[in-house]
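Hydrogens, waters and symmetry mates play no part in the numbers below; they use all other heavy atoms, side chains included.
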Amino acid sequence: LAVDEALEQLAARDPRAAELVKLRFFAGFTVAEAAEALGVCVATAENDWAYAKSWLKLQITTNESTRN
């Protein structure tokens, strides 16, 4: 549930990064495959992936710590 909420928040903030997460996490795409599907270069997808992972981790850990 926390991942879904965080992913929705990311989609509002950065739709391309959220779509990349969905392609990587749920569809099992590689970064190169996801980059092609999104119409961006691999370097851009790698940057988006690093950003999305960090942002989601921060959101999930912050939300979990405020619930306890």
Name every donor-acceptor pair, under 3.5 Å, that has one atom in a side chain of residues 36-47 and the other anywhere in the protein, sequence neighbours excluded.
{"from": "Asn47", "atom 1": "ND2", "to": "Ala43", "atom 2": "O", "distance (Å)": "3.4"}

List the atom pairs, with distances to 0.1 Å, where a side-chain N or O of residues 18-29 and a protein N or O form a donor-acceptor pair under 3.5 Å, not counting sequence neighbours.
{"from": "Arg24", "atom 1": "NH1", "to": "Phe29", "atom 2": "O", "distance (Å)": "2.7"}

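Within the 4.5 Å cutoff, no side-chain heavy atoms of Gln59 are placed close to those of Thr62.
With a 4.5 Å cut-off between side-chain heavy atoms of Ile, Leu, Val, Met, Phe, Trp and Tyr, the cluster of Leu58 takes in none.
Residues passing the salt bridge (charged side-chain N to carboxylate O under 4.0 Å, His left out) test with Arg13, sequence neighbours excluded: none. Residues passing the side chain to side chain contact (heavy atoms under 4.5 Å, CB included) test with Glu8, sequence neighbours excluded: Asp4.
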Open item on the list: Show, in sequence, the C-alpha distance, side-chain angles and deciding distance for Val3 and Ile60, and conclude whether the side chain to side chain contact (heavy atoms under 4.5 Å, CB included) test is met.
Closed with: CA-CA 7 Å; Val3 172; Ile60 291 167; 3.7 Å; yes
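Nearest approach of Ala6 to Trp55, heavy atoms of both residues: O-CZ3, 3.3 Å.
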